[in-house]
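The structure appears right after this line, and notes come after that.
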Amino acid sequence: MVYLLENKHLRSDKITKGLERVPARALLYATGLNREDLGKPFIGIASSFTDLIPGHIHMRSLERAIEKGIHAGGGISFIFGVPGICDGIAMGHEGMNYSLASRDLIADIIECVVSAHCLDGLVMLTNCDKITPGMLMGAARLDIPGIVVTAGPMISGRSGKQKLSLVKDTFEAVGRRRKGEITDEQLSCLEMEACPGPGSCQGLYTANTMACVSEALGMSLPRCAAALAISSEKERIAYKSGQQIVELVRKGVTARKIMTQKAFENAIMIDMALGGSTNSCLHIPAIAKEAGVEIDLKLCDTISAKTPHITSLQPGGEYLLEDLYYAGGIPAVMKRFYNDLNDGLSVSGLSIKEIAKKAEVCDEDIIRTKEKAYHKEGGIAVLYGSLSPNGAVIKQSAVSEKMMQFRGKAKVFDGEETAMKAIMNSQIKEGMVVVIRYEGPRGGPGMREMLAPTAALVGMGLGESVALVTDGRFSGGTQGPCIGHVSPEAMVGGPIAMVEDGDEIVIDIPNRKLDINITEELLAKRKAKWTPPKPKIAQGMLARYARCVTSADKGAVLAAG
């Protein structure tokens, strides 16, 4: 049977039809295909399965579910792999340099495999921080039908009746142990019990933020983002995604028809309502750029300023993704913003507003109304000033009221390691602003996340008396007055490179300001004397990355050529 398309053509016709394609067909038959299979849509399953990452170890069963759905829908499935990096494992050493760089590598791999084999559609099985945006970038670049299946959040750990999560009960526990609040035995228990099995880390950290963004964009089926890794619902969503991708191919619904300007505005709004990771301010503009849509930091801040923060999810809040799931998931959050949503296509076949209208809010505290929001503004604020002329980002929903405006004396470090050493040796005192520089996209290279120092500060009880400012970035698990993505970065001569110990740093989140309190003349004099340091890495992938990467305020995308 030949699968009938509305547009009568398949991309895969290039390798399956015509006299000159005899060799290609012979090789396809060698994979086990039959003659009648060549008239069906060829669907790639881009899988980031790996034994290295808890969020991915259960993907083999999801791959099977997607395959079954594709075959039931009338397509032919082909699994191929993309790399995955666990930020939690890579954190705090040179491994973190590779994390952000892997995002663009993943997009390139998808472009290569899909283009070389003329695939008609793509199911993207993903779960972690840079993998999800990398896959979306690839689908947007190619503009083929695509569906994202995020593999689901991890359930909470347990210590007696206490719920445990990775960031709060391991990263922050390091600082608590250093302070003497817990014993070695308690710390050992936490590290054993905090992560009980498969799934992305339990709070609204970057992996789960990007899962929520994918669904709000319309690129995942309803409830996919919060459906738990261990749930049979996740298996059903994977199966239905396999079926639906064939339908999208049949109807010619490509990624860019879904990922429009209006869709990105929806995604930003839902992200801000949830209080998601600051990393979304890197990834959303990068995905949008591949889709031919212009998204900048100012738009993120504009939407955040008028979007109430209606959930209280860790790290800054009380609840975990499992609680959001049982409260109704992303459709229920969208329901709260029904009148504010832009309508548009989704991969489900339902419009965005149809999904929101059908949703049910099952817990009025976990997903509050706009009138009873936890905060009047959304989760992220973008700060500008003499220290960040092109912008810097902070998760304001995870900052205490006391620290929304703060002045402190700078303590400057040219890298994460020296800063972490100073924190652990109790050299950071109340009233200081820790400045960590040369960690930006180019200077890092790779713009390392710095959850270890931020979590250590919180664990040591300094989360409401010390601020941290960096041209690097933070894990979605960071809380407190931690400002990242300072642009321009130090490596290209941004003002952060000119800061000296003792300079007063002025942080004013309500008024969106980040300043160094010195005269313009003194700043110019320091810059005249400044020379860039030698690159930290001079060969291999990261050296190439550093030469091509753009600023954080541009999404840290790679420049063409």
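- The two residues Leu350 and Ser346 have their closest heavy-atom pair at O-OG, 2.6 Å.
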Please step through side-chain contact (heavy atoms from CB on, under 4.5 Å) for the pair Ile380 and Met272, ending with a clear verdict. CA-CA 6 Å; Ile380 291 173; Met272 299 304 161; 3.7 Å; yes
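- Inter-residue side-chain proximity for Gln202 and Gln314 is flagged as unmet; no heavy-atom pair is nearer than 4.5 Å.
- Separating the OG atom in Ser99 from the CD1 atom in Ile131 is a distance of 8.5 Å, to the nearest 0.5 Å.
- A distance of 12.5 Å separates CZ of Arg442 from CG of Asp471, quoted to the nearest 0.5 Å.
- Here the OG atom belonging to Ser397 is positioned 8.5 Å from the CG atom belonging to Leu204, to the nearest 0.5 angstrom.
- Applying side-chain contact (heavy atoms from CB on, under 4.5 Å) to Asp129 and the options Ile85, Asn208, Asp87 leaves one that passes, Asp87.
- Listed for the Ser220 side chain is a donor-acceptor partner under 3.5 Å among the backbone atoms of Val148.
- Across all their heavy atoms, Ala398 and Gly316 have their closest contact at CB-CA, 3.8 Å.
- The backbone N or O of Arg448 sits nowhere less than 3.5 Å from a side-chain atom of Asn97 that would complete a donor-acceptor pair.
- Rounded to the nearest 0.5 Å, atoms OG (Ser551) and CE (Met491) are 14.0 Å apart.
- Looking only at distances, no side-chain donor or acceptor of Glu233 sits under 3.5 Å from a matching main-chain atom of Ala227.
- Looking only at distances, a side-chain donor or acceptor of Arg21 sits under 3.5 Å from a matching main-chain atom of Lys14.
- No donor-acceptor pair under 3.5 Å is formed between the side chain of Arg11 and the backbone N or O of His117.
- The two residues Asp104 and Met137 come nearest to each other via the heavy atoms OD2-CE, 3.5 Å.
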So Tyr29 and Arg35, side-chain contact (heavy atoms from CB on, under 4.5 Å) or not? Walk me through it. CA-CA 8 Å; Tyr29 293 143; Arg35 291 187 185 278; 3.5 Å; yes
After noting the C-alpha distance and the side-chain angles of Phe78 and Leu33, does the key distance pass the side-chain contact (heavy atoms from CB on, under 4.5 Å) rule? CA-CA 11 Å; Phe78 299 91; Leu33 296 190; 3.9 Å; yes
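- The number of heavy atoms from other shown groups lying within 6.0 Å of NZ (Lys370) is above 12.
- A side-chain donor-acceptor contact under 3.5 Å links Asp120 to the backbone of Ser12.
- Here the closest non-hydrogen pair linking Ile237 and Cys224 is CD1-CA, 3.7 Å.
- Taking CG of Leu274 as the reference point, atom CD1 of Ile367 lies at 8.5 Å (rounded to 0.5 Å).
- The shortest distance between side-chain heavy atoms of Thr311 and Ile366 does not fall below 4.5 Å.
- At a threshold of 4.5 Å between non-hydrogen side-chain atoms, the residues Leu324 and Val333 count as touching.
- If you run side chain to side chain donor-acceptor pair (under 3.5 Å) between Glu247 and each of Gln243, Arg250, Gln244, only Arg250 comes through.
- Between the side chain of Arg473 and the main chain of Met447, a donor-acceptor pair closer than 3.5 Å is present.
- Contact of the Thr206 side chain with the His283 side chain is registered, since non-hydrogen atoms from C-beta on lie closer than 4.5 Å.
- Here the closest heavy-atom approach between residue Tyr239 and residue Ala72 is recorded as OH-CB, 3.3 Å.
- Results of the side chain to side chain donor-acceptor pair (under 3.5 Å) test with Ser77 over Lys68, Arg64, His71, Glu63 single out His71 as the only residue that passes.
- The minimum heavy-atom distance linking Gly197 with Pro54 is given by the pair O-CB, 4.2 Å.
- Other residues, nucleotides and ligands contribute more than 12 heavy atoms inside 6.0 Å of the CD atom of Glu354.
- Around OH of Tyr98, the count of heavy atoms belonging to other residues, nucleotides or ligands within 6.0 Å does not exceed 12.
- Proximity of a side-chain donor or acceptor of Ser102 to a complementary backbone N or O of Leu105 within less than 3.5 Å is not detected.
- By the neighbour-count criterion of 12 heavy atoms within 6.0 Å, atom NZ of Lys554 is sparsely surrounded, having that number or fewer from other residues, nucleotides or ligands.
- Counted within 6.0 Å of CD on Glu20, heavy atoms from surrounding residues, nucleotides or ligands total more than 12; the atom is thus considered enclosed.
- Ile144 places none of its side-chain heavy atoms less than 4.5 Å from the side chain of Thr254.
- We find that Asp340 and Lys306 are not joined by a salt bridge, their nearest charged nitrogen and carboxylate oxygen being 4.0 Å or further apart.
- Considering CD1 of Ile43 and CG of Leu119, their distance stands at 8.0 Å, rounded to 0.5 Å.
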Check step by step if side-chain contact (heavy atoms from CB on, under 4.5 Å) holds for Ile53 and Cys128. CA-CA 9 Å; Ile53 308 176; Cys128 282; 3.7 Å; yes
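- At least one side-chain heavy atom of Lys234 sits less than 4.5 Å from a side-chain heavy atom of Thr150.
- Residues Leu166 and Met154 form no side-chain contact, since every pair of their non-hydrogen atoms from C-beta on lies 4.5 Å or further apart.
- Between the side chain of Arg223 and the main chain of Pro331, no donor-acceptor pair closer than 3.5 Å is present.
- Side-chain contact check for His56 and Thr50: no donor-acceptor pair (N or O, by modelled atom type) lies under 3.5 Å.
- Heavy atoms of other residues, nucleotides or ligands lying less than 6.0 angstrom from NZ of Lys335 number more than 12.
- In this structure, Lys298 does not pair ionically with Asp553, as no charged nitrogen and carboxylate oxygen lie closer than 4.0 Å.
- For the residue pair Thr132/Thr126, the side-chain donor-acceptor check at 3.5 Å is satisfied.
- Side chain of Glu489 to main chain of Ala552: no donor-acceptor pair is present (N/O by atom type, distance under 3.5 Å, no hydrogens or angles).
- Between Leu10 and Phe42 there is no side-chain heavy-atom pair separated by less than 4.5 Å.
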Checking salt bridge (Lys or Arg N to Asp or Glu O under 4.0 Å) for the pair Arg25/Asp37: CA distance, chi angles, key distance, verdict? CA-CA 11 Å; Arg25 289 195 294 271; Asp37 293 333; over 6 Å; no
